Every structure is written in structure tokens, then in C-alpha cells.
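What follows is a single structure, written as C-alpha cells, with notes after it.
The chain is numbered in sequence order, starting from 1. These numbers were taken from a predicted model, which means no experiment stands behind them.
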Amino acid sequence: MADQQALDEVVTFTSDLIRIDTTNRGGGACRERPAAEYAAARLAEAGLEPAVLERVPGRGNVVARIEGTDPGAGALLVHGHLDVVPAETRDWSVHPFSGEVRDGVVWGRGAVDMKNMDAMILAVVRAWARQGVRPRRDIVIAFTADEEASAEDGSAFLAEKHAALFEGCTEGVSESGAFTFHDGSGREIYPVAAGERGTAWLRLTARGLAGHGSRVNKDNAVTRLAAAVTRIGDHEWPVRLTPTVRAELVELCALYGIETAELADVDAVLEKLGPAAQLVESTLRNSANPTMLDAGYKINVIPGEAVAHVDGRYLPGGEEEFRTTLDRLTGPDVDWEFQHHEVALQSPVDSPTFARMRAAVEEFAPEGHVVPYCMPGGTDAKQFSRLGITGYGFSPLKLPEGYDYRAMFHGVDERVPVEGLHFGVRVLDRFLRTA
């Protein structure tokens with residue numbers, strides 16, 4: 001059982017890590033090394049031998065292993081990223097890198113995404129060292145760089161160049177799961193992630209005839225691009241129920257007294273789920289959202305090229321449909337290519353590991369309802385899947401009603417309740433002891 005020191009340390013570690021500015025603006029503009037050294041020092045104090053690894057100077061990653069009691073059991077990877085997205089100070093109520101603890105809440109960029117989980121891992125590992133605890137299976141701890149961009153300097157680098165450190169790992173847990181979702185009618189739902197949509201960040205390029213803005217031009221690159229972007233933005237993708245999402249809907253239907261035969265009309269089921277539909281709606285379909293446009297340099301000059309960027313996501317098993325649909329929507333006058341491309345993931349919800357995650361949450365939140373779900377976005381689990389590691393989203397937090405967990409991700413005034421961190425430490429400790 002997590003002791004009082006672990007509960008105190010998780011708050012301290014969350015605050016300390018937030019104060020280490022690891023803003024990742026993409027393109028290599030980040031320095032996670034100070035946070036990596038901080039995490040490595042806390043692990044070393046617990047008797048572990050962490051390795052700090054970098055592909056390029058300043059982009060620190062940390063890996064350490066705790067030996068289990070059953071050498072025949074597959075190892076479990078427990079990972080969290082050290083980088084955070086940018087924060088505009090003038091928009092915040094507190095300085096985003098203050099790590100301020102006020103009225104039972106820890107404030108700052110990374111409080112939820114995901115220095116809180118990093119702190120939970122550290123607190124649990126150190127409690128085990130004090131108590132002489134050894135888990136059943138080997139636990140590999142990894143703190144990574146660059147998750148908020150391409151992962152090139154983080155999990156992708158580790159998976160490619162340091163695979164031996166993850167030898168024996170069959171499963172992994174990381175961010176975005178086992179948090180409290182309040183449905184507005186008194187129910188508490190705890191979604192545990194067992195899948196991720198694939199990442200398909202696209203660059204669209206239209207080419208045409210450059211010329212004077214006052215003249216007729218039937219080969220206008222801007223017009224061609226705008227038409228393609230409009231078609232993409234207006235496209236209605238068909239529903240595709242993956243096994244993870246179907247399992248989620250079945251459990252939600254049971255919770256809300258909806259006949260599973262009604263899943264033939266998923267949109268009608270979503271209406272009956274009310275607020276809980278938010279847990280499902282972004283993972284029923286592929287998606288492609290235009291996000292950036294770049295064309296021209298002067299108002300009276302028609303450019304010869306126009307570029308757009310699209311954030312595409314595809315379901316497990318949905319990549320071929322995504323590709324063929326984009327070919328059709330862009331048409332013959334616009335080319336598209338992947339700017340960043342990562343796999344979709346799907347993990348079994350009937351596994352012993354999922355059952356143990358469910359049991360750990362239910363022990364400390366007996367009033368809660370654990371359900372599987374698919375993440376609409378992606379995590380480092382994509383890169384670690386290249387090593388044959390099955391990934392789950394499990395960073396437990398008990399949250400009060402009215403706290404918008406999802407708005408904290410990349411949002412203004414990101415913060416986490418101290419009691420939520422305490423719950424997370426207890427649940428994570430319970431799960432990892434039994435995993």
C-alpha cells in the first residue's frame with residue numbers, strides 16, 4: 001500500500017517537474033535533459049540504475065528496470081513523456097511553469113499531460129524501495145522526450161537504438177486512461193484505453209499557373225487547393241465499429257439500459273448516452289480536419305503553388321479506406337503526402353492485464369464503472385508497438401464533478417487536484433503489484 005511519504009512526494013514531484021520548462025515547439029526545439037536528470041536522480045535514490053539516453057544533446061530519455069519475482073512472466077513497460085506543449089503566459093491565471101500548489105490543486109503546464117503520471121511512477125517506485133516490495137513481473141520504467149512532436153528523439157529513438165533495454169516487455173501502460181468521467185447524472189465512469197487511432201498528418205500541394213491577379217486564370221493553385229480543402233472538411237466519414245469501441249458501447253449500453261441490438265444505429269445510441277457519448281464519438285470514424293493554409297506572397301500575384309495541412313486520424317483497420325478517400329477528395333489537381341504517419345493500435349479488453357487495471361480502479365473507486373475505450377489521438381505506445389509491446393492507457397486520476405479533464409490537455413490553466421494524484425498513486429501501486 002502506498003504510504004504517506006508517497007502521497008506527499010507525488011505532489012512535490014509533479015510541482016518540481018512542472019517548474020522544469022520542457023516546452024516542445026517541434027523541429028527539435030526542446031530540452032528535456034534537466035527533467036530526465038531529475039527523474040533519474042529520484043530513481044537512483046530508490047536503488048535503481050537508470051540510464052539517461054539521447055539521440056541529440058539535450059533531448060534526454062530515462063530507462064530503468066525493476067526485477068520481478070517471476071522470471072518467466074513477460075515484463076511490463078510503464079512509460080511517460082517529459083515534454084509539454086507551449087503555454088502562453090498571458091492567458092493563464094498562474095504562471096504555467098510555476099508548479100504552484102493552491103487550494104489543493106497543482107497548477108501548470110504538464111499537470112495532466114503528463115508530468116502527473118511521471119510523478120506517480122516515481123512515487124510508487126520509491127515507496128516500493130522503502131517497503132522492500134518486488135513486483136511479480138519485471139517493470140521497465142521509461143521517461144521519454146519528444147512525444148508532443150514526432151517522438152523521433154524519444155520513444156522512436158529508444159525503440160530503434162535501445163531495444164535491448166525493453167527485452168521481455170509484452171505490454172505497456174501510459175497516459176490517458178482511468179480518469180473520472182462524470183456523466184451529469186451521478187455516474188462515475190473510468191475509461192481505460194485499449195486502442196488508438198492512427199496518425200496521418202498530411203501536406204496537400206496544389207500547383208497552377210502563376211500570374212497577375214488582374215487576369216483570367218483557369219489554373220489557379222489557390223482555387224484548386226481551396227476546393228480540395230472544402231471537400232475534405234465537408235466529408236462525412238462512415239461509422240466503423242472496431243472491437244475496442246464495440247466493447248465500450250456494449251458496456252455503456254448495459255450501464256444505461258440500452259439494448260445492444262440498437263447498435264445498428266450508433267448515432268441514435270449516442271443520443272441516449274447523453275454526455276457519455278463524448279467517450280465514443282471521436283472514435284467511430286476516420287477523420288481529416290484541415291488546420292493550416294499557406295499560399296501566395298502578394299495580393300496581386302497568383303502563386304504557382306498553394307499548400308494546406310490536414311490532421312488526419314484513422315481507425316484500426318481503417319488506413320486503406322483513409323488513403324482511397326483522400327485520393328478521391330483531393331482529386332487530380334492536388335497532391336497529398338504524409339508529413340507524419342503512425343500506426344493505429346488495438347489491444348485486447350479481455351486480457352488479464354485489463355482485468356487487473358479494472359480491479360485496481362474498482363478497489364479505490366467502488367462506485368465507479370470501468371469501461372474500455374479507444375483514444376482519438378496517439379501516444380508513445382505507437383513507437384513501442386514496434387517492439388511487440390501491447391499498449392494501454394492507464395494514468396489513474398479521481399476527479400471532482402465539473403473538472404473538465406479533456407480540456408486540460410493542451411489547454412489554458414492546466415491543473416490537477418492533489419486528491420486526484422493521491423488516488424492515482426494508490427491505484428497505480430495496486431495495479432503494478434499485481435500486474
Side-chain angles (χ1 to χ4, degrees), residues 10-11 14-15 17-18 80-81 84-120 147-148 174-193 196-197 248 252 255-256 270-271 273-284 287 289 311 313 361 364-365 367-379 393-424 427:
V10 72
V11 178
T14 301
S15 180
L17 286 167
I18 289 170
H81 62 84
V84 297
V85 296
E88 190 61 61
T89 302
R90 65 173 177 267
D91 297 335
W92 285 57
S93 301
V94 301
H95 193 286
F97 299 103
S98 68
E100 180 178 340
V101 183
R102 183 208 302 170
D103 299 327
V105 176
V106 185
W107 294 70
R109 177 61 84 219
V112 166
D113 187 15
M114 63 171 300
K115 290 180 175 178
N116 62 331
M117 177 62 166
D118 298 337
M120 289 180 210
E147 192 273 348
E148 295 291 3
S174 189
E175 63 182 315
S176 298
F179 56 91
T180 318
F181 178 89
H182 295 273
D183 75 347
S185 63
R187 293 185 185 88
E188 293 183 4
I189 300 172
Y190 289 84
V192 172
E196 301 181 5
R197 290 198 301 172
E248 177 183 15
L252 288 173
L255 183 60
Y256 286 87
L270 293 188
E271 290 185 15
L273 290 178
Q278 297 171 41
L279 298 172
V280 186
E281 59 190 2
S282 293
T283 55
L284 292 171
S287 66
N289 288 312
D311 185 339
R313 310 284 172 147
V361 172
F364 294 97
E367 72 286 357
H369 306 274
V370 177
V371 301
Y373 92 120
C374 179
M375 286 188 240
T379 73
F394 188 76
S395 51
L397 280 176
K398 187 171 180 62
L399 302 170
E401 194 158 9
Y403 180 96
D404 193 344
Y405 174 79
R406 297 194 300 174
M408 295 296 108
F409 281 80
H410 303 188
V412 173
D413 285 344
E414 185 179 350
R415 59 199 183 274
V416 63
V418 167
E419 287 303 315
L421 294 173
H422 290 174
F423 172 84
V427 173

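Here CE of Met408 is found 9.5 Å from CG of Leu399. Values are rounded to the nearest 0.5 Å. In this structure, CD on Glu188 lies 13.0 Å from CZ on Phe179, to the nearest 0.5 angstrom. Between Glu414 atom CD and Ile18 atom CD1 the span is 7.0 Å, to the nearest 0.5 Å. If you take OG on Ser395 and CE on Met120, they are separated by 6.5 Å, rounding to the nearest 0.5 Å. Rounding to the nearest 0.5 Å gives a distance of 12.5 Å between CD1 of Ile189 and OH of Tyr373. The line from CG of Leu279 to OH of Tyr190 is 13.0 Å long, rounded to the nearest 0.5 Å.
Of all non-hydrogen atoms in Met114 and Ser174, the two that sit nearest each other are CE-OG, 3.8 Å. Taking each heavy atom of Gly184 and Glu401 in turn, the nearest pair found is CA-OE2, 4.0 Å. Listed here is the closest heavy atom pair of Ala193 and Ser176: CB-O, 3.7 Å. When every heavy atom of Val106 is checked against every heavy atom of Gly99, the shortest pair comes out as CG1-O, 4.2 Å. Between Phe409 and Glu175, the closest heavy-atom pair is CE2-OE1, 4.1 Å. Scanning both residues, Leu421 and Leu397, for their nearest heavy atoms gives N-CD2, 4.0 Å.
No side-chain donor-acceptor contact under 3.5 Å links Ser15 to the backbone of Val11. Checked by atom type and distance alone, the side chain of Glu196 pairs as donor or acceptor with a backbone atom of Thr379 at under 3.5 Å.
A salt bridge does not link Arg406 to Asp404: none of the charged nitrogens lies less than 4.0 Å from a carboxylate oxygen. A salt bridge is defined here as a Lys NZ or Arg NE, NH1 or NH2 lying under 4.0 Å from an Asp or Glu carboxylate O, and Glu367 with Lys398 meets this definition.
With sequence neighbours excluded, no residue satisfies side-chain hydrogen bond (donor to acceptor under 3.5 Å, both in side chains) with Arg415. Legend: residues meeting salt bridge (Lys or Arg N to Asp or Glu O under 4.0 Å) with Asp413, ordered by chain and number and at least two apart, are absent. In terms of the salt bridge (Lys or Arg N to Asp or Glu O under 4.0 Å) criterion, Arg197 has no residue partners (sequence neighbours excluded).
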Check the pair Tyr403, Thr180 against side chain to side chain contact (heavy atoms under 4.5 Å, CB included), reporting the backbone distance first and the verdict last.
CA-CA 9 Å; Tyr403 180 96; Thr180 318; over 6 Å; no
Could you walk me through whether Arg313 and Asn289 pass side chain to side chain contact (heavy atoms under 4.5 Å, CB included), step by step?
CA-CA 9 Å; Arg313 310 284 172 147; Asn289 288 312; over 6 Å; no
List the steps and the verdict of side chain to side chain contact (heavy atoms under 4.5 Å, CB included) for Leu284 and Leu270.
CA-CA 11 Å; Leu284 292 171; Leu270 293 188; 3.6 Å; yes
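Between Glu148 and Val84 there is no side-chain heavy-atom pair separated by less than 4.5 Å. For the pair His81 and Asp113, the minimum side-chain heavy-atom distance is below 4.5 Å.
Relative to the ring axis of Tyr256, Arg187 places its NZ or CZ within 45° and under 6.0 Å from the centre.
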